[in-house]
**Q** 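Would you mind keeping the following structure in view while I ask a few things?
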Amino acid sequence: MGIRSLLRSAFGLDKEPGSGAPALPQQGTASPGPAPAAPAAPSVPAQPTGDRIPDPGTLPPVPPNPLPPGPEPVPEPEPAPPMPAPHPVPEPEPAPRPEPEPSPSRDGLQRTGPERTGLDRVRRTAPGLVGLYKKAGDALGEQGLTGRRAAVHLVLDRSGSMRGHYRDGSVQHLAERVLALSAHLDDDGTVPLVFFSTEVDGVSELGLDRYRGRVAELHGSYGHMGRTNYHLAMRAVMENRAASGAPALVVFQTDGGPSSRAEAERALRESAGLPVFWQFVGFGEPAGRGFEFLRGLEEWPAVDNAGFFPAGRDPRALHEEELYRGLTAGFAAWLTRARAAGTVR
């Protein structure tokens, strides 16, 4: 039933006249005037009846459903810092090899220390001396002195007649060869130097790390060149060695005999009980009169710690092998005698 039918039923408007419904009472007898108009029923929109659905008309546009917010964009991760390079793992150091036991040589002396150490030091600090070092080692081996320790000193003549030998480099030439020999015998890499003439002109040293031009540098700083007083230079060395029982090879260079022969003989006798061997090296004519004193050393029964080697008029022309043989042969023989006598520890 529609809404309109319901309203009619509620207000009694669906009964037809004379349908048996009670009549409204009549008021008065007079003929009533026209009945007042019934109030208009409120307008009710028509309701669809049955299956008919009223057209709702134009519907307002339906706003589209907003899409749910998507996930916030995930920022790309920053690139990871590069991994540091792995620290190299140091290889384990090889275990040190035991030092070889000293072995007696043919002269009965004990040898100490591996020879390789000296060669490495010369290569590192004085590569210009490597060839000389090897030749000196060969000469020591011939004399049975490989591995033997001894101090090496160099005494240089500055008398007036030596001027030319300093100028032409002969003295520097000898000094470098003595330094290479010392690198075998001594472990400190230096050679003490004594320059003499009338007096002891200067005392210094020659080292593996400072030897080029060293002799000329020192010689030039000492000034006047005088006479040839062996004994003063010898006593300077003896004072240095007096407190030591270790052997010393003293290469004593000169170009002539001593100015005072008596004083030189006295100094030699004083040194007889010391562990010192004097290896005199003559610059000049080997048969010259200036070397008579030195040639006679072998005939002195009271002195057995000195020898003479003539290097000739041009010492630079001398073969290395010959020079080293002349510097070491007498020293090796003396060491054997000194050891037997207790002069050398």
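This structure is a prediction, so every number in the text was calculated from the model and none was measured.
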**Q** So which pairs with a foot in residues 230-252 pass ring pair (Phe, Tyr, Trp, His ring centres under 6.0 Å), sequence neighbours left out?
**A** Phe196-Phe252, Tyr230-Phe252, Tyr230-Phe280, Phe252-Phe280
**Q** Strictly distance-based, threshold 3.5 Å: is any side-chain N or O of Asp186 a donor or acceptor partner for the main-chain N or O of Ala151?
**A** no
**Q** Is there a side-chain contact between Val191 and Glu205, using heavy atoms and a 4.5 Å cut-off?
**A** no
**Q** Check the pair Leu297 / Leu268 against side chain to side chain contact (heavy atoms under 4.5 Å, CB included), numbers first and verdict last.
**A** CA-CA 10 Å; Leu297 289 177; Leu268 280 170; 3.7 Å; yes
**Q** Closest heavy-atom contact between Ala236 and Val200?
**A** CB-CG2, 4.4 Å
**Q** Salt-bridged, Glu322 to Arg325, with N to O below 4.0 Å?
**A** no
**Q** Drop me the distance from Asn229's CG to Ser260's OG, to the nearest 0.5 angstrom.
**A** 7.0 Å
**Q** Would you please name every residue forming a side-chain contact (heavy atoms from CB on, under 4.5 Å) with Ala329, sequence neighbours left out?
**A** Gln143
**Q** Are Val171 and Leu206 linked, directly or through other ILVMFWY residues, by side chains that come within less than 4.5 angstrom of each other?
**A** yes
**Q** Quick one, Thr228 with Arg158, criterion side chain to side chain donor-acceptor pair (under 3.5 Å). Give me CA distance, side-chain angles, the key distance, then yes/no.
**A** CA-CA 8 Å; Thr228 316; Arg158 287 193 72 252; over 6 Å; no
**Q** Rounded to the nearest 0.5 Å, what separates atom CG in Leu232 from atom CE in Met234?
**A** 11.0 Å
**Q** Walk me through it: do Arg148 and Leu335 pass the test side chain to side chain contact (heavy atoms under 4.5 Å, CB included)?
**A** CA-CA 10 Å; Arg148 179 64 191 181; Leu335 274 175; 4.2 Å; yes
**Q** Which heavy atom in Trp334 sits nearest to a heavy atom in Asn305, and how many Å separate them?
**A** NE1-CB, 3.5 Å
**Q** Quick check: do Thr254 and Leu156 have side-chain heavy atoms less than 4.5 Å from each other?
**A** no
**Q** Rounded to the nearest 0.5 Å, how far does CZ of Arg313 lie from CG of Leu318?
**A** 15.0 Å
**Q** Answer yes if Phe277 and Val303 sit in the same cluster of Ile, Leu, Val, Met, Phe, Trp and Tyr residues linked by side chain heavy atoms under 4.5 Å apart, and no otherwise.
**A** no
**Q** List the steps, then state whether side chain to side chain contact (heavy atoms under 4.5 Å, CB included) holds for Glu270 with Arg235.
**A** CA-CA 9 Å; Glu270 290 173 2; Arg235 288 202 171 98; 3.2 Å; yes
**Q** Check whether any side-chain heavy atom of Val276 lies under 4.5 Å from a side-chain heavy atom of Met238, and answer yes or no.
**A** no
**Q** Are Pro286 and Phe308 packed together at the side-chain level, in the sense that at least one heavy-atom pair is separated by less than 4.5 angstrom?
**A** no
**Q** What are the two closest heavy atoms between Pro315 and Ser170, and how far apart are they?
**A** CD-OG, 4.0 Å
**Q** Between Gly326 and Phe309, which heavy-atom pair has the shortest distance, and what is it?
**A** CA-CD1, 3.7 Å
**Q** His153 side chain to Pro192 main-chain N or O, any donor-acceptor pair under 3.5 Å?
**A** no
**Q** Is there a side-chain contact between Leu208 and Thr190, using heavy atoms and a 4.5 Å cut-off?
**A** no
**Q** Is the centre of the His219 ring less than 6.0 Å from the centre of the Phe195 ring?
**A** no
**Q** side-chain hydrogen bond (donor to acceptor under 3.5 Å, both in side chains) with Arg210: which residues, sequence neighbours excluded?
**A** Glu217
**Q** Is there a path from Val250 to Leu185 through hydrophobic residues (I, L, V, M, F, W, Y) whose side chains come within less than 4.5 Å of each other?
**A** no
**Q** List, one per line, each side-chain donor-acceptor pair under 3.5 Å for residues 175-183, sequence neighbours excluded.
**A**
from, atom 1, to, atom 2, distance (Å)
Glu176, OE2, Gln172, NE2, 3.0
Arg177, NE, His173, NE2, 3.2
Arg177, NE, Glu320, OE1, 2.7
Arg177, NE, Glu320, OE2, 3.3
Arg177, NH1, His173, O, 3.0
Arg177, NH1, His173, ND1, 3.4
Arg177, NH2, Glu320, OE2, 3.1

**Q** Between Phe293 and Ala264, which heavy-atom pair has the shortest distance, and what is it?
**A** CZ-CB, 3.9 Å
**Q** Counting neighbours of CZ on Arg214 that are heavy atoms of other residues, nucleotides or ligands and sit closer than 6.0 Å, is the number greater than 12?
**A** yes
**Q** Checking Asp187 now: which residues fulfil side-chain contact (heavy atoms from CB on, under 4.5 Å) with it, not counting sequence neighbours?
**A** Arg149
**Q** I'd like to check Val155 versus Gln253 (side-chain heavy atoms, cut-off strictly below 4.5 Å). Are they in contact?
**A** no
**Q** Would a single hydrophobic cluster contain both Val237 and Val251, if residues Ile, Leu, Val, Met, Phe, Trp and Tyr are joined by side-chain heavy-atom contacts under 4.5 Å?
**A** no
**Q** Is there a side chain to side chain contact (heavy atoms under 4.5 Å, CB included) between Leu193 and Val203? Walk through the geometry before answering.
**A** CA-CA 6 Å; Leu193 294 175; Val203 176; over 6 Å; no
**Q** Quick one: do Phe283 and Val215 end up in the same hydrophobic cluster if we chain Ile, Leu, Val, Met, Phe, Trp and Tyr together by side-chain heavy atoms under 4.5 Å apart?
**A** yes
**Q** Is Arg227 paired with Glu199 through a side-chain N to carboxylate O contact shorter than 4.0 Å?
**A** no
**Q** Show me the pairs that pass side chain to side chain donor-acceptor pair (under 3.5 Å) and involve residues 276-302, at least two apart or across chains.
**A** Ser271-Trp278
**Q** Report the distance from atom OG of Ser159 to atom CZ of Arg163, rounding to the nearest 0.5 Å.
**A** 9.5 Å
**Q** Just by modelled atom types, is the Gly118 backbone N or O under 3.5 Å from a matching donor or acceptor in the His184 side chain?
**A** no
**Q** Which value, rounded to the nearest 0.5 Å, describes the distance between Thr198 atom OG1 and His224 atom NE2?
**A** 5.5 Å
**Q** Between Asp255 and Ser161, is a side chain to side chain donor-acceptor pair (under 3.5 Å) present by the stated rule, with each step listed?
**A** CA-CA 7 Å; Asp255 71 339; Ser161 57; 2.5 Å; yes
**Q** Crowded around Arg337 CZ? As in, over 12 foreign heavy atoms under 6.0 Å?
**A** yes
**Q** Out of curiosity, Lys134 NZ to Leu119 CG, how far, rounded to the nearest 0.5 Å?
**A** 6.0 Å
**Q** Could you tell me which non-hydrogen atom of Tyr211 sits nearest to which non-hydrogen atom of Ala126, and how far apart they are?
**A** CE2-CB, 3.8 Å
